[in-house]
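Numbered from 1 within each chain, the chains take letters A, B, ... in sequence-line order.
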Amino acid sequence: MSEVQLPPSYNPKEVEDKWYKIWEEKGLFEPTYDPQKPKFSMVIPPPNVTGSLHIGHALNNTLQDVLARYKRMDGYDVLWIPGTDHAGIATQNVVERELAKEGLTREDLGREKFLERVWKWKETYGGRIISQLKRLGASCSWSYERFTMDEGLSKAVKEVFCRLWEEGLIYRGDYIINWCPRCYTALADLEVEFEPKPGKLWYLKYPLLDDSDFIIVATTRPETMLGDTAVAVHPEDERYKRFLGKKLKLPLLGRIIPVIADKVVDPEFGTGAVKVTPAHDFNDFAIAQRHQLPLIKVIDEYGKMTEEAGPYAGLDRFEARKRVVEDLKKGGFLLKEEDYEVVLGHCYRCGTVIEPLLSKQWFVKMKPLAQPAIAAVEYGFIKFYPESWKNLYFDWMRNIRDWCISRQIWWGHRIPVWYCESCGEILVSREEVLEFCYKCGSTALKPEEDVLDTWFSSALWPFSTMGWPEKTKTLETFYPTSVLVTSFDIIFFWVARMIMMGEHFMGAIPFEKVYIHALVRDEKGQKMSKSKGNVIDPLEMIERFGCDALRFTLVALAAQGRDIKLSVNRIEGYKHFINKIWNAGRFVLMNLDDLKKEDLENLEYEKLPLFSKWILWRLNETIKKVREKLEEFEFDQAAMAIYHFFWDEFCDWYLEISKIYMRKDELKKSTQVVLYKVFSDCLKILHPFIPFVTEELWNFLPFRDEENLLRSSYPREQVFNFSKEEKALTETVINIITAIRNIKSEYNLTSMKDIPVIGIFDNEKIKKLEDQVEIIKALSRSETFSIFESYQKKEGEIMVLIEGGGELFMDLSKYLDFEKEINRLKREIKKTQEKLEVIKRKIENPQFLEKAPLEVIEKERRAFEELSQKLERLKDLLERIENSRR
RNA sequence: GGGCGGAUAGCUCAGGGGGAGAGCAUCGGCCUUACAAGCCGGGGGUCAGAGGUUCGAAUCCUCUUCCGCCCA
């Protein structure tokens, strides 16, 4: 017995903190810049600095960590850059809420003081998510940690803005944009979430100037009629042809507006005539551009009616709606009102109903940027996993619209622009402070107040984190990154924009592969959210079941192309697996005695007993499979392969068999070596998935190729010689054992060891089986097992058939329950008959014989042979038992 | 309105043209000195429905129903 004493159950809490600290302090997560090594790099999708770790982060970072640890062990120099995102609107909102508790608004503080507050808040809480990532075991290269508002990254942002401006790819102008009156900022199209809500459709009467006739328009937003500058109909619409070119008198305000024809009008919707409010509707804005209509803004940035709204000026937009409807009704302009489902845009940060409005904003021209980014994926320089996501990418990229990048909030990268109050020049500069206008020399400069969309800086993340625009060694060594691991909901927000910026500024793709993983949902398939109360908190799961259990669960469920519905009992199930590993480790360690390093090296494969060879072969197959699956990002399959090998083959079979081998002097040493070899390789294979328990156990192993498992080598597949005959023999042994267990269990005789078992096999097999008798006896808990070539069944014995040929006889006369046995046989017969029937139909079908591949036919024929024999013998048996009872 | 994905054991999910799988739950038997968080064994499924392709369909195609998501 070795001196190693491990407690009989694994205690994750003590182990996890200890190892993370050691790994980090030793700098094991850091790249070495060893020129001999191939490179592997990733950038983390930066979580919001305000956030705390939710289950989606846990999945995302577990998968990245699996890759990072696998590649690191496999000889790559790995850089995994971590960091956080300043999340402009979200963070500002959080701090504003804090202020509100003190009865303050950000305006009360002023810009500078407010930003101080945000920074302070960031210093206090920004570290939270980082420490939570560490709790998860993420092996990020922490010395590279970045924040999107860091000095270096800010420099990159400024550089990108200036260059795009110089290239004419950034412009400023009055356009209709999505406005959140609560966050008081413009939003990009992507940042608006649409949701159907019950609403109304109002039918309004717009009379001709001379009151001789009228047009009826339908609208879901009557208050915007105050800003109408036309009524539009479809040019082919016969009903309205006579109105074209005529003028209408806008109710309530009396404004004179034309009737125009435009193809976008859907004659099927409402009455086929639509009011046109160019300042507050995207479609209407486009119509107005085509027809040179005036733009009248009736709702302001606070969601209140403007002076243009005449008597309604100053009212809130929703209040104005009520008043307008009332007044229309009074004036006889409201013809009817019906229930209608309206699709409303909401702010993705605060949920407020978006107001489309006319505003002066900054935009990026996307078409020229999109083109090379589309090509990069088309030509396969960037590959999506699963591949189907690329269609979504193409679809969006090919219909891309210009990107509104200015935000009217304070927390973010200030747009590097000044306006000259003397000559009106727009000055774009990399300078921190601009002293005078470079056109007219005036010092009367007004800085731009707006900041950039947060995603503007995120788009640069793969190279800004590596030091761009400086030429750094990191960039040179690790750009492009190898893989981006993220979820599909930010393919547009982030992935696409990174590809565009990478192509444009680096002249190279930002990553070679994009692995898109699932969204984690609750058991009912709903998105987890705090308001629904269905959140599974990863930190709580780590507390309850251990980090490794959570990680393994997430990986095991991470099948491609499907959402993950997570339930707590799944995590609990895999916690048992962790404990199983722990105990297998205890067993191995207890049985190593004075094993020496030379013993490991001197292992002679050809001299090993059958099952030692078998387990080494199975290990080799498992290594092959896990590697293949990891390379294809089929994490779940990789996890299942090692799970089943470890539990079902190594623990359930080999460990039990090793107990027998180790009792024999001549086999003891080699068995110890095989146990050691298989177990230590399993630790290696498992480490990327479950780093803590494996590192802890590794630490108890007497000889290690590396002090830390984390830096050890990932097992490689070897050429192996385990013959077909040997495979067949192991199967037969396993089948015999299973059959005996089966019978004993059915007769509730599990603990009875004194039931003699007789096996009937052909001569050739008998010779081979002789060496396996001890194993059969031990694992089936039978004191005697004898083999003959033929045998006459005695009374009270039952017979079982062994798959692949052979029979067993067991004397159950003392215990035999005739009724039970007859039932068992009948059941067996029925099952066999059914199977046989299916196969018979097949092999009697001439078309099957003609068209099916030969090996399939062969297989079916063999199966037919076996099953018919089996059926015959079963029937015979049943008859004899029934006879003997009489 | 357009597009994508899903429906497989009681629950959560794999599989993806040639004998229906896992974890959990359930039932029966075992304290067999690594592990009762365990071991051994069992039961449980017209693979959503209908049609088609095929010698052969849970798997491919079409339609239907229901669920989820994305875009407009």
Using a 4.0 Å heavy-atom cut-off across all strands, classify [X] as base, sugar-phosphate, or nothing.
{"X": "A:Pro853", "result": "base"}
{"X": "A:Glu572", "result": "nothing"}
{"X": "A:Ile839", "result": "base"}
{"X": "A:Leu697", "result": "nothing"}

> Is it true that the NZ or CZ of A:Arg497 lies under 6.0 Å from the centre of A:Trp403's six-membered ring and within 45 degrees of the ring axis?
Replying inline: yes

Using the [atom1] atom as the reference point in each nucleotide, state the distance between [N] and [M] in Å, no decimals.
{"N": "B:G21", "M": "B:U59", "atom1": "C1'", "answer": "14 Å"}
{"N": "B:G38", "M": "B:C31", "atom1": "C1'", "answer": "10 Å"}
{"N": "B:C60", "M": "B:C4", "atom1": "P", "answer": "15 Å"}
{"N": "B:G1", "M": "B:A57", "atom1": "P", "answer": "35 Å"}
{"N": "B:A48", "M": "B:C11", "atom1": "P", "answer": "14 Å"}
{"N": "B:A25", "M": "B:C40", "atom1": "P", "answer": "16 Å"}
{"N": "B:G6", "M": "B:G49", "atom1": "C1'", "answer": "16 Å"}
{"N": "B:G28", "M": "B:G15", "atom1": "P", "answer": "34 Å"}

>> Taking the basic N atoms (NZ, or NE/NH1/NH2) and the acidic carboxylate oxygens, is any pair closer than 4.0 Å for A:Asp281 and A:Arg221?
In response: no

> Should A:Lys870 and A:Glu866 count as an ion pair when the cut-off is N to O under 4.0 Å?
Replying inline: no

Roughly how far, to the nearest 0.5 Å, is the [atom2] atom of [Y] from the [atom1] atom of [X]?
{"X": "A:Tyr515", "Y": "A:Glu632", "atom1": "OH", "atom2": "CD", "result": "11.5 Å"}
{"X": "A:Leu589", "Y": "A:Leu595", "atom1": "CG", "atom2": "CG", "result": "11.0 Å"}
{"X": "A:Phe700", "Y": "A:Arg586", "atom1": "CZ", "atom2": "CZ", "result": "11.0 Å"}

> For RNA chain B, whose closest nucleotide is more 5', that of A:Ala863 or that of A:Val343?
Replying inline: A:Ala863

> Of A:Arg586 and A:Met640, whose closest RNA chain B nucleotide lies nearer the 5' terminus?
Replying inline: A:Met640

Kindly point out which of [options] is positioned nearest to the side chain of [X]?
{"X": "A:Phe492", "options": "B:A34, B:G18, B:C71", "value": "B:C71"}
{"X": "A:Phe587", "options": "B:A34, B:G23, B:G42", "value": "B:A34"}
{"X": "A:Thr738", "options": "B:G19, B:G41, B:U12", "value": "B:G41"}
{"X": "A:Asn742", "options": "B:A22, B:G42, B:C30", "value": "B:G42"}
{"X": "A:Ser745", "options": "B:A14, B:C35, B:G41", "value": "B:G41"}

> Is any side-chain N or O of A:Glu656 under 3.5 Å from a base N or O of B:A34, one able to act as donor and the other as acceptor?
Replying inline: yes

Kindly indicate whether the side chain of [X], heavy atoms from C-beta on, has any atom under 4.5 Å from the side chain of [Y].
{"X": "A:Leu697", "Y": "A:Trp582", "value": "yes"}
{"X": "A:Ser868", "Y": "A:Leu836", "value": "yes"}
{"X": "A:Phe587", "Y": "A:Leu675", "value": "yes"}

Rounded distance (Å) that lies between atom [atom2] of [N] and atom [atom1] of [X]:
{"X": "A:Glu855", "N": "B:C55", "atom1": "CD", "atom2": "P", "answer": "18 Å"}
{"X": "A:Phe545", "N": "B:C24", "atom1": "CZ", "atom2": "P", "answer": "13 Å"}
{"X": "A:Leu675", "N": "B:A34", "atom1": "CG", "atom2": "P", "answer": "12 Å"}
{"X": "A:Asp648", "N": "B:G41", "atom1": "CG", "atom2": "C1'", "answer": "15 Å"}
{"X": "A:Asp395", "N": "B:C69", "atom1": "CG", "atom2": "C1'", "answer": "15 Å"}

> Would you call the rings of A:Trp647 and A:Tyr643 parallel, tilted or perpendicular, where under 30° means parallel and over 60° means perpendicular?
Replying inline: tilted

>> Quick check on contacts: within residues 546-555 of chain A, what sits under 4.0 Å from RNA chain B by heavy-atom distance?
In response: none

Interface polar pairs with nucleotides 37-39 of chain B, N/O, under 3.5 angstrom:
residue : atom : partner  : partner atom : Å
B:A37   : O4'  : A:His576 : NE2          : 3.4
B:A37   : O2'  : A:Asn579 : ND2          : 3.3
B:G38   : OP1  : A:His576 : ND1          : 3.1
B:G38   : O3'  : A:Lys580 : NZ           : 3.0
B:C39   : OP1  : A:Lys580 : NZ           : 2.9
B:C39   : OP1  : A:Trp647 : NE1          : 2.6

>> Which helical stems does RNA chain B take part in, if a stem means at least 3 consecutive Watson-Crick or G-U pairs with both distances below 3.5 Å?
In response: B:1-7 with B:65-71, B:10-13 with B:21-24, B:26-30 with B:38-42, B:48-52 with B:60-64

Does any N or O in the side chain of [X] come within less than 3.5 Å of the main-chain N or O of [Y], such that one atom is a donor and the other an acceptor?
{"X": "A:His280", "Y": "A:Pro356", "result": "yes"}
{"X": "A:Asp262", "Y": "A:Ala232", "result": "no"}
{"X": "A:Arg741", "Y": "A:Ser780", "result": "no"}

